[in-house]
Amino acid sequence: MNIANTVIRSLCVLTLVASLSGVTPALAAEENPAGDLSKDLKEMPVLTGETWQTLQPEAKITFVWGIGHVVTIEENVNQRHPELKRQGFAAKLAEGLRGVPMETIIKDIDGYYLANPDDRDLPVMRVIWTQIVRPKLKTGIADQPFAGSGGP
């Protein structure tokens with residue numbers, strides 16, 4: 001059971017990190033253009049600004065809520081297994097989003113893509129990290145100093 005939880009947790013974190021690093025699954029994008037959920041997915045697509053702008057408000061809330069659940073699961077696993085605790089991506093995400101209402105997160109994402117139409121190909125998680133989370137943090141992942149660009 002512990003191994004399964006660790007694998008699931010690792011996959012979630014890897015997906016989030018991949019979206020922040022700008023790596024997008026090209027295969028998924030080709031086979032599922034514009035987020036068409038009626039088609040079978042071979043990989044989890046990365047949500048970009050292009051698709052974000054087409055989402056209904058309820059879908060945006062659901063996405064942000066999902067992020068919150070990943071962070072909450074990570075925190076609960078760390079409470080049960082302190083040996084796994086580290087200042088990883090989910091911990092820093094929790095620190096940077098603490099106290100920020102979902103509506104504010106959505107408005108900030110919407111505002112970013114509106115003000116930066118050339119960045120619509122950027123993953124939504126990268127926008128969340130660079131525009132909302134990172135400005136609130138003193139140190140980055142694993143408490144390392146921040147490097148030059150907007151990445152984690």
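Numbers here simply count residues along the sequence, with the first being 1. The structure presented is a predicted model; accordingly, all values stated were derived computationally and were not measured.
Side-chain contact check for Leu122 versus Tyr112: some heavy-atom pair is nearer than 4.5 Å. For the pair Trp129/Leu137, a side-chain contact is recorded, criterion being any heavy-atom separation below 4.5 Å from C-beta on. Using a 4.5 Å cut-off on side-chain heavy atoms (C-beta onward), Gln79 and Asn76 make contact. Using a 4.5 Å heavy-atom threshold, the side chains of Thr48 and Asp121 count as separate. Residues Ile67 and Val70 fail the side-chain proximity criterion, which asks for heavy atoms closer than 4.5 Å. Contact check for Lys136 versus Leu97: no side-chain heavy atoms found under the 4.5 Å cut-off. Side-chain contact between Ile109 and Lys60 is absent, with no heavy atoms from C-beta onward closer than 4.5 Å. Taking the side chain as every heavy atom from C-beta outward, Met102 and Val64 approach each other to under 4.5 Å.
Of the candidates Val46, Leu93, Leu47, Thr130, Met125 forms a side-chain contact (heavy atoms from CB on, under 4.5 Å) with just one, namely Leu93. A side-chain contact (heavy atoms from CB on, under 4.5 Å) with Phe63 holds for exactly one of Val124, Leu55, Ile105; it is Val124.
For the pair Lys92 (side chain) and Arg134 (backbone), a donor-acceptor distance under 3.5 Å is absent. Under a 3.5 Å cut-off, the side chain of Thr72 and the backbone N or O of Gly68 do form a donor-acceptor pair.
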Legend entry - side chain to side chain contact (heavy atoms under 4.5 Å, CB included) between Phe89 and Val133, intermediate numbers included: CA-CA 11 Å; Phe89 175 74; Val133 174; over 6 Å; no
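Annotation: Lys107, atom NZ; neighbour count of heavy atoms from other residues, nucleotides and ligands within 6.0 Å does not exceed 12.
Looking at every heavy atom in both residues, Val127 comes nearest to Tyr113 through CG2-OH, 3.3 Å.
Connection of Trp65 to Ile106 is established within a shared hydrophobic cluster, with ILVMFWY side chains joined at heavy-atom distances below 4.5 Å, either directly or through further cluster members.
A salt bridge links Glu75 with Arg98: the distance from a Lys NZ or Arg NE/NH1/NH2 to an Asp or Glu carboxylate oxygen falls below 4.0 Å.
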